[in-house]
Amino acid sequence: MKESRPHHLGRRAFSGLAAGLGLAMALSACGGSSDPLSNAPATTGAASGEATSLVVGSADFPESQIVAELYAGALTAAGITATTKPNIGSREVYIKAVQDGSVDVVPDYTGNLLLHVDKEASEESAEDIAAALPEKLPDGLAVLEPSKAENKDAMVVTKATAEKYQLKSLEDLAKVCSEIVVGAPATFAERAYGLPGLKENYNCEPKKLEPFSDGGGPVTLKALLEDQVQVADIYTTTPSIADNDLVVLEDPKNNFIAQQVVPLYNEAKMTDTAREALNSVSRILTTEDLINLNRAVSGSQKQGAKEAADAWLKEKGIIK
């Protein structure tokens, strides 16, 4: 979701459920090979014969894949041939794909994106991040309107652990940090909102980082519930937080900055029609929508990302 300093413009850093728990979706994303797109299947979402075609990529966690399908569906409804390339990898990988034109647009998270392109960025609020981001992007890349939907990394504990250590915030965690094993993506070790941010902002140096590659998903959740890790990096739009009565530790020093979902695109092929189609999604997408979409895909319904996205697009009148 939840670069990704996901302090998720997708932590101070989007750590993005994109990932986002795998509906845990989300956020924080790892990835790639020398050719990250070579094995990614493409799904077609448009009528043939259109003069304009765009490829929508996604990071390697369910929420990003869902939002990519929202974008593709809206583009298709606007008469643009849209295909998707899911599971490209982490932010480091998919930004390169947008730059080289392998994909034309991806969903990202404003705070993490800002921190990815400017590791010294100090902006924390949604407004300040949105204002700073466009000027910091590499030549040829741009963002559209950020949505109200936000998915941030969060330090999450079980109710039992919260009671055992009297934890309500990251300031409380700092007092027992040396006893704690943190479950998070391997990139959490280096990203600004990860171990460096915990140390800088809270003087918290965990006993160990246990790396997981599911972006706060089922594997991470299982480890947390079984006390293999005592704290987990889980995106705030992950339904498993509420479903398992987990406790999100407060972050009074804003280690995890604003993370609004935003389209990041290559300017080479973007048209006004495509921009308006993507903005139409951003203008109405909410955090609650993300939680419900994540639950549809990662919960008992087990819908595919495209199926869940199409249902939302129909409900909102974007597609028939």
Side-chain angles (χ1 to χ4, degrees), residues 1 8 10 16-20 22-23 25-26 40-59 61-88 94 98 103-109 142-151 237 239 260-266 269-320:
M1 220 265 20
H8 214 197
L17 357 162
L23 181 290
M25 331 270 74
T43 61
T44 302
S48 60
E50 294 291 338
T52 301
S53 64
L54 295 173
V55 177
V56 184
S58 78
F61 58 95
E63 182 172 289
S64 181
Q65 296 159 28
I66 294 167
V67 179
E69 293 292 352
L70 293 178
Y71 290 171
L75 290 167
T76 299
I80 296 167
T81 300
T83 58
T84 58
K85 288 280 189 180
N87 292 312
I88 293 173
Y94 65 69
V98 178
V103 300
D104 301 301
V105 60
V106 296
D108 210 330
Y109 301 86
V143 291
L144 293 172
E145 296 178 16
S147 70
K148 293 180 181 178
E150 183 177 33
N151 185 4
T237 58
Q260 293 173 283
V261 178
V262 67
L264 171 70
Y265 67 96
N266 187 310
K269 293 174 64 179
M270 189 61 59
T271 64
D272 289 343
T273 299
R275 288 187 183 91
E276 179 55 31
L278 295 169
N279 282 335
S280 72
V281 172
S282 294
R283 288 175 191 140
I284 59 175
L285 185 67
T286 68
T287 300
E288 189 65 26
D289 287 332
L290 289 182
I291 293 173
N292 290 332
L293 286 164
N294 285 334
R295 182 175 280 111
V297 170
S298 301
S300 59
Q301 298 179 54
K302 299 298 182 188
Q303 292 183 359
K306 187 177 188 304
E307 180 184 2
D310 284 351
W312 184 89
L313 291 166
K314 288 177 182 177
E315 177 188 337
K316 302 301 181 182
I318 294 176
I319 65 175
K320 302 300 184 182

Roughly how far apart are Thr237 OG1 and Glu288 CD, rounded to 0.5 Å? 10.5 Å
Locate the shortest heavy-atom distance separating Leu75 from Ala82; write the atom from each residue and the value. CB-CB, 3.9 Å
What donor-acceptor contacts under 3.5 angstrom involve side-chain atoms of residues 274-282, with partners at least two apart or in another chain?
{"residue": "Arg275", "atom": "NE", "partner": "Tyr265", "partner atom": "OH", "Å": "3.4"}
{"residue": "Arg275", "atom": "NH1", "partner": "Asp272", "partner atom": "OD1", "Å": "3.1"}
{"residue": "Glu276", "atom": "OE1", "partner": "Arg283", "partner atom": "NH2", "Å": "3.3"}
{"residue": "Glu276", "atom": "OE2", "partner": "Arg283", "partner atom": "NH1", "Å": "2.6"}
{"residue": "Asn279", "atom": "OD1", "partner": "Glu145", "partner atom": "N", "Å": "3.1"}
{"residue": "Asn279", "atom": "ND2", "partner": "Arg275", "partner atom": "O", "Å": "3.3"}
{"residue": "Ser280", "atom": "OG", "partner": "Ala277", "partner atom": "O", "Å": "2.5"}
{"residue": "Ser282", "atom": "OG", "partner": "Glu145", "partner atom": "O", "Å": "3.2"}

Keeping Ser64 on the side-chain end and Ser58 on the backbone end, is there a donor-acceptor pair under 3.5 Å? no
Tell me, please, which residues at least two apart from Thr286 pass side chain to side chain donor-acceptor pair (under 3.5 Å). Asp289
Close side-chain approach of Leu144 to Val105, heavy-atom, < 4.5 Å: no
Taking all atoms of both residues into account, what is the closest heavy-atom pair of Leu290 and Ala149, and its distance? CD1-CB, 3.7 Å
Trp312 vs Leu285, test: side-chain contact (heavy atoms from CB on, under 4.5 Å). Steps then yes/no. CA-CA 10 Å; Trp312 184 89; Leu285 185 67; 3.8 Å; yes
Could you list the residues that satisfy salt bridge (Lys or Arg N to Asp or Glu O under 4.0 Å) with Lys269, not counting sequence neighbours? Asp104
Ser53 and Ile80 have their tightest heavy-atom pair at CA-CG2, 4.4 Å
Less than 4.5 Å apart, side chain to side chain, heavy atoms only: is that true for Thr271 and Leu54? no
Thr84 side chain near Tyr71 side chain, heavy-atom distance below 4.5 Å: no
Smallest separation among heavy atoms of Ile284 and Lys316, with atom names: CD1-CB, 3.6 Å
Taking NZ, NE, NH1 and NH2 as the nitrogens, is one of them in Asp310 or Lys314 under 4.0 Å from a carboxylate oxygen of the other? no
If you compare all heavy atoms of Ala59 against all heavy atoms of Tyr94, which two are closest, and at what distance to 0.1 Å? CB-CE2, 3.5 Å
What I'd like to find out is whether the side chain of Leu293 reaches to under 4.5 Å of the side chain of Glu63, using heavy atoms alone. no
Which pair of non-hydrogen atoms, one from Asn266 and one from Val98, has the smallest distance, and what is that distance? ND2-O, 2.8 Å
